[in-house]
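Inspection log for the structure reproduced underneath, given as structure tokens.
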Amino acid sequence: MTGTTVCRTVVAIALTATLAGLTGCTSSGGPADGGPGGSAPPAATPQPSDPSSTAPPAPSLTGPAAEALRAVERATGRAGSARVESTTVMGSELSLKAAGALGWRDDGLTGTLTITYTGGTTAETMRRLGTTAMEARYLPDAYYAEVGDEFADRVGGRHWIKYVYEDLEDLGGGAGAGFADQMRNTTPNQAVKLLLTAEDVRRVGEGETRGRRTTHWTGTVGGATAQTVDIWVDDRDLLVKKVERGRTENGELTQTAYYSEYGVTVSAERPPAADTADFKELLASQGG
């Protein structure tokens with residue numbers, strides 16, 4: 001693998017994993033093309049089709065189910081933050097787990113996740129580069145992916161890669177279209193908004209999820225590229241669990257997320273500028 005290809009691979013993998021740890025299927029578009037070793041990162045990330053269409057369409061559901069789910073949407077939105085634990089599987093490409101806290105206030109998404117690679121071809125590439133886990137910091141205008149020492153050697157010795165959302169929008173071939181909106185649409189209440197667009201949404205029943213009494217709702221969204229969305233809601237109308245399933249060109253994509261400690265204090269600091277490499281500048285230096 002040439003130096004240029006390695007650098008592009010490193011940058012693309014960090015982008016793929018950081019987004020995958022957060023987004024799941026909660027966008028209205030299809031999957032992205034390509035792989036991390038190709039010429040147009042990112043690899044295998046769920047991708048919205050257009051910035052103007054990333055937000056779920058107006059709810060079509062009516063009746064008691066709609067009223068119940070809108071109460072969940074409002075309560076979860078007002079909470080503003082939560083601790084998150086998730087697992088994501090993207091076919092044979094990548095599987096990972098993520099844990100941390102995220103906030104979703106008016107100024108945008110903030111928070112920190114620790115992302116651990118657990119399997120797949122991308123994870124194998126990361127292991128060869130000396131990295132099995134990374135920290136991701138999400139701020140309203142950009143997010144930062146931390147890399148290990150061997151990984152950092154491939155990007156000028158710096159340990160953080162900065163991805164400005166507006167720069168991702170400009171990726172060639174439409175690979176990054178809608179990323180800024182996608183990041184805004186990945187909070188728990190957005191999963192409820194998505195479910196409100198499902199014509200077949202139904203209440204499955206009641207049970208216990210991680211020690212909390214919950215009500216289970218399910219539905220199918222997305223038409224020809226159907227995704228299933230399942231949520232488990234407690235007696236305060238807050239999400240306890242979410243499962244989303246869809247399909248990418250690399251296989252089935254499934255994300256399971258658990259939410260707790262709503263209202264928790266969330267912070268995310270920008271890494272030192274001297275230890276940060278800019279995604280756009282890295283691609284330009286490699287002929288991207």
Side-chain angles (χ1 to χ4, degrees), residues 14-27 45-46 56 69 72-90 94-118 132-140 142-146 163 165 179-195 208-212 214-217 227-234 236-246 253-269:
L15 173 58
T16 298
T18 308
L19 280 170
L22 180 65
T23 59
C25 312
T26 315
S27 66
T45 52
L69 290 176
V72 175
E73 178 193 350
R74 290 191 297 269
T76 305
R78 284 195 302 266
S81 64
R83 295 202 181 277
V84 183
E85 299 173 52
S86 69
T87 58
T88 304
V89 178
M90 305 170 76
L94 176 66
S95 60
L96 55 81
K97 60 182 180 181
L102 296 174
W104 48 92
R105 299 295 184 183
D106 292 339
D107 59 348
L109 184 72
T110 58
T112 302
L113 294 179
T114 298
I115 298 172
T116 304
Y117 311 102
T118 56
T132 58
M134 62 183 282
E135 181 178 309
R137 298 181 185 178
Y138 303 90
L139 288 97
Y143 71 89
Y144 297 79
E146 185 185 30
Y163 300 90
Y165 302 138
F179 270 124
D181 264 1
Q182 185 176 356
M183 300 302 281
R184 298 184 190 104
N185 290 331
T186 54
T187 56
N189 58 316
Q190 294 296 332
V192 184
K193 286 184 179 180
L194 191 65
L195 191 55
E208 190 171 282
T209 306
R210 290 198 162 182
R212 294 154 70 182
T214 55
T215 301
H216 178 191
W217 295 86
Q227 306 169 4
T228 61
V229 180
D230 289 79
I231 63 171
W232 286 257
V233 181
D234 69 11
R236 296 182 299 161
D237 290 329
L238 296 173
L239 260 70
V240 177
K241 178 182 178 182
K242 176 194 72 173
V243 177
E244 299 185 27
R245 298 180 180 88
L253 188 152
T254 302
Q255 185 184 69
T256 302
Y258 292 92
Y259 304 96
S260 62
E261 295 185 48
Y262 278 92
V264 65
T265 300
V266 173
S267 63
E269 296 183 1

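Here, residue 1 is the first one in the sequence, and each next residue gets the next number. Just so we're clear, the structure is a prediction, and the values are computed from it rather than from any experiment.
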Going from [atom1] on [X] to [atom2] on [Y], what distance comes out if it is rounded to the nearest 0.5 angstrom?
X	Y	atom1	atom2	value
Asp234	Lys241	CG	NZ	14.5 Å
Leu69	Arg74	CG	CZ	10.5 Å
Tyr165	Leu139	OH	CG	7.0 Å
Gln255	Ser86	CD	OG	4.5 Å
Leu94	Thr118	CG	OG1	7.5 Å

For the student: nearest non-hydrogen atoms of [X] and [Y], plus distance:
X	Y	answer
Lys193	Glu73	CE-OE2, 2.7 Å
Arg105	Ala79	NH2-O, 3.6 Å
Glu261	Arg83	OE1-NE, 3.0 Å
Val229	Ala191	CG1-O, 4.1 Å
Thr76	Pro188	CG2-CB, 3.4 Å
Val266	Gly111	CG1-CA, 3.5 Å

So does [X] pair up with [Y], basic N to acidic O under 4.0 Å?
X	Y	value
Glu244	Lys242	yes
Arg210	Glu85	yes
Asp230	Arg245	yes

Could you check whether Thr114 and Glu135, counting side-chain N and O atoms only, form a donor-acceptor pair closer than 3.5 Å?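 Distance-only check fails for Glu135 and Thr114.
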Applying side chain to side chain contact (heavy atoms under 4.5 Å, CB included), run through Met90 and Ser95 and close with a yes or a no. CA-CA 6 Å; Met90 305 170 76; Ser95 60; over 6 Å; no
Tell me whether the count of non-hydrogen atoms from other residues, nucleotides or ligands lying under 6.0 Å of CD in Glu208 goes above 12.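 Count over threshold, so yes.
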Going by heavy atoms in the side chains, are [X] and [Y] under 4.5 Å from each other?
X	Y	answer
Trp217	Trp232	no
Thr87	Leu96	no
Thr254	Thr88	no
Tyr143	Leu109	no

Within the distance-only criterion (no hydrogens, no angle test), does the side chain of [X] pair as donor or acceptor with the backbone N or O of [Y] below 3.5 angstrom?
X	Y	result
Thr116	Ala133	no
Trp104	Asn189	no
Tyr262	Leu239	yes
Thr256	Val243	no
Arg212	Val240	no

Full working for side chain to side chain contact (heavy atoms under 4.5 Å, CB included) between Leu238 and Tyr259:
CA-CA 9 Å; Leu238 296 173; Tyr259 304 96; over 6 Å; no
For a side chain to side chain contact (heavy atoms under 4.5 Å, CB included) check, start with the C-alpha distance between Tyr138 and Leu113, then their side-chain angles and the critical distance, and finish with the verdict. CA-CA 8 Å; Tyr138 303 90; Leu113 294 179; 3.8 Å; yes
### Message
Could you walk me through whether Thr110 and Leu102 satisfy the side chain to side chain contact (heavy atoms under 4.5 Å, CB included) test, starting with their C-alpha distance in whole Å, then the side-chain angles of each, then the deciding distance to 0.1 Å, before giving a yes or no?
### Response
CA-CA 6 Å; Thr110 58; Leu102 296 174; over 6 Å; no
